[in-house]
There are 2 protein chains.
Amino acid sequence: MLNETAVAVLEQSSATEPEKRIRDRSATERAILKAAKNLLAEEGFQNFGINAVARRAGCDKQLIYRYYGGLDGLVEAIGTDLGNWVKDRIPEDAGGMFLLTYGDLMERLALLFLEALRDDPLMRRVVAWEVSENTEQVKRLSEARSKSLGQWLDRMRGSLTPPKGIDVAAVNALIFASIQHLVLAAAAGGQCAGLVLKNNKDWEKAAIALKRLVRGVYG
Amino acid sequence: MLNETAVAVLEQSSATEPEKRIRDRSATERAILKAAKNLLAEEGFQNFGINAVARRAGCDKQLIYRYYGGLDGLVEAIGTDLGNWVKDRIPEDAGGMFLLTYGDLMERLALLFLEALRDDPLMRRVVAWEVSENTEQVKRLSEARSKSLGQWLDRMRGSLTPPKGIDVAAVNALIFASIQHLVLAAAAGGQCAGLVLKNNKDWEKAAIALKRLVRGVYG
DNA sequence: ACTGTTACTCACCGATTGGTGACAGACCGG
DNA sequence: CCGGTCTGTCACCAATCGGTGAGTAACAGT
């Protein structure tokens, strides 16, 4: 990539010059991070490595070592980005709606989370990564993500009091676990436990079932 | 491994001769399959390759190509084994119990499935594999698994009629999805969505929450 | 214009990967 | 005894991996 532009410059520059991006460290850093995120989102964590990222970023892998301290640092940077995931991807104005009960809230949050996860391939890969490996890299990703998720839940809860006599943490963990696995399985194979999940109609059924599940516990 | 025994034999055989296993095709096939399953269960699908399997089986990788047609065939053999998973790992006598309602049944099945999955590292790796990759190998594994799971559900349902007005397939998919993700996340990082899952007490809480969830929809 | 720093590239390293062809020895039928 | 088949071993291949040291080109300060 970069070579082509450089060569083009040497050859007195042919017609188009697509973004030179020479000797601009911060721009290169951004390009690397972007390349890493796109690569992870599209290819998954299987082929996620120094060489592949450098190849996609169109720069030498040495720069990844220099600017991010290797793959670990790069993953950490991704994790930092991911800390703002809920803030970036999920509308916060749900508090302004008529959420009278804890059940109202959880139903809404569950549906929002389902949709957001369904629309974000990067986040899906990260979640899949979390349940597949246990390296230090992944641990950090996982922590950042669950922390930000927990804060989101707290923030949205506001002054609503959860029902007594129910282990809310455990029940909510199960609910969000079901959403995550459903979306992951669907993204991977188009179905989950025999339930086909491809077109919007399929997903509408799943959403209804999810509502029923939430309403079952929280009324 | 095998070299050591061979050398020992050439050296007029020292004291112990741990299972010679020479020139016995079916035994070698079994050893390879066993090695593959153990490797997958212990190391995960990340480092699951021809070389690693051959190394663990103590034979040349060429034999894997000859006897199984490469990794694909080997994975398929594992999948065939996995087709009997529910039969092997989950007691079938639950039908003889007092399961009066569909809710009784699903609660029992959910708990059985949770426990069985928790106790089987190989199956956990396979499930994690399913949501992480979409190769032909994994597809076959996934199909065999979900098919056998579906048959199990049908078999256990017996003459019990599911409640009307509920999309049982979708709800059950969500329930089993929650179990799978919970167990996977716990096995990977010891927690799921902030809920710590390490000792038996933690799991007891999760089981209670699971019951509540099932009872919520199915009464 | 000289100098030093910054941004970047390149060439190479050892290790490991999936895959293949050639070979050696045990066994069996003639 | 010989010849062929079966089982298993070994040596080698190109490709890729993560990682490093050395070198080059562009810029800034003086």
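Within every chain, numbering begins at 1; the chains are lettered A, B, ... in the order of the sequence lines, protein sequences first and strands thereafter. These numbers come from the heavy atoms of this one structure, side chains and all, not from hydrogens, waters or symmetry mates.
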>> Please determine whether a side-chain nitrogen of the Lys or Arg among B/K139 and B/E143 lies less than 4.0 Å from a carboxylate oxygen of the Asp or Glu.
In response: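 Salt bridge: no.
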Just N and O in the side chain of [X]: are any of them under 4.0 Å from OP1 or OP2 of [N]?
{"X": "A/R55", "N": "D/dC17", "value": "yes"}
{"X": "A/N51", "N": "D/dG18", "value": "yes"}
{"X": "B/T28", "N": "D/dG8", "value": "yes"}
{"X": "A/Y65", "N": "D/dG19", "value": "yes"}

What is the distance from [atom1] of [X] to [atom2] of [N], rounded to the nearest Å?
{"X": "A/Y68", "N": "C/dC8", "atom1": "OH", "atom2": "P", "answer": "12 Å"}
{"X": "B/L71", "N": "C/dG18", "atom1": "CG", "atom2": "C1'", "answer": "9 Å"}
{"X": "A/I64", "N": "C/dA7", "atom1": "CD1", "atom2": "P", "answer": "16 Å"}
{"X": "A/R66", "N": "D/dG18", "atom1": "CZ", "atom2": "P", "answer": "18 Å"}
{"X": "B/N47", "N": "D/dT16", "atom1": "CG", "atom2": "P", "answer": "19 Å"}
{"X": "B/L63", "N": "C/dG18", "atom1": "CG", "atom2": "P", "answer": "16 Å"}
{"X": "A/D72", "N": "D/dG18", "atom1": "CG", "atom2": "C1'", "answer": "12 Å"}
{"X": "A/D60", "N": "C/dC12", "atom1": "CG", "atom2": "C1'", "answer": "12 Å"}

>> Pair B/R157, B/L105 - check side chain to side chain contact (heavy atoms under 4.5 Å, CB included), show working.
In response: CA-CA 7 Å; B/R157 176 165 47 83; B/L105 174 69; 4.1 Å; yes
> Do the ring planes of A/W129 and A/F45 sit parallel (below 30°), tilted (30 to 60°) or perpendicular (above 60°)?
Replying inline: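 Ring orientation of A/W129 relative to A/F45: parallel.
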> At what angle, to 10 degrees, do the two end axes of the helix from C/dA1-D/dT30 to C/dG30-D/dC1 meet, given five pairs define each axis?
Replying inline: 20°
>> I'd like to know if B/R23 reaches the base of D/dC6 with its side chain such that a donor and an acceptor end up less than 3.5 angstrom apart.
In response: yes
>> Using 0.5 Å steps for rounding, measure from the SG atom of A/C192 to the NE2 atom of A/H181.
In response: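 It comes to 4.5 Å.
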>> Can you give me the closest heavy-atom contact between A/I179 and A/L117, atom names plus distance?
In response: O-CD2, 4.5 Å
>> Determine whether B/E29 and B/R25 satisfy the following criterion, salt bridge (Lys or Arg N to Asp or Glu O under 4.0 Å), listing intermediate values before the conclusion.
In response: CA-CA 6 Å; B/E29 284 180 356; B/R25 168 161 181 167; 2.9 Å; yes
> Between A/D202 (side chain) and A/K198 (backbone), is there a donor-acceptor pair under 3.5 Å?
Replying inline: yes
> Base, sugar-phosphate, or nothing: which does B/I50 touch, judged by heavy atoms less than 4.0 Å apart?
Replying inline: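 The answer is sugar-phosphate, as B/I50 gets under 4.0 Å only of primed atoms, P, OP1 or OP2.
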> Hey, which of these two, A/Q62 or B/R25, hits DNA chain D nearer its 5' end, going by closest nucleotide?
Replying inline: B/R25
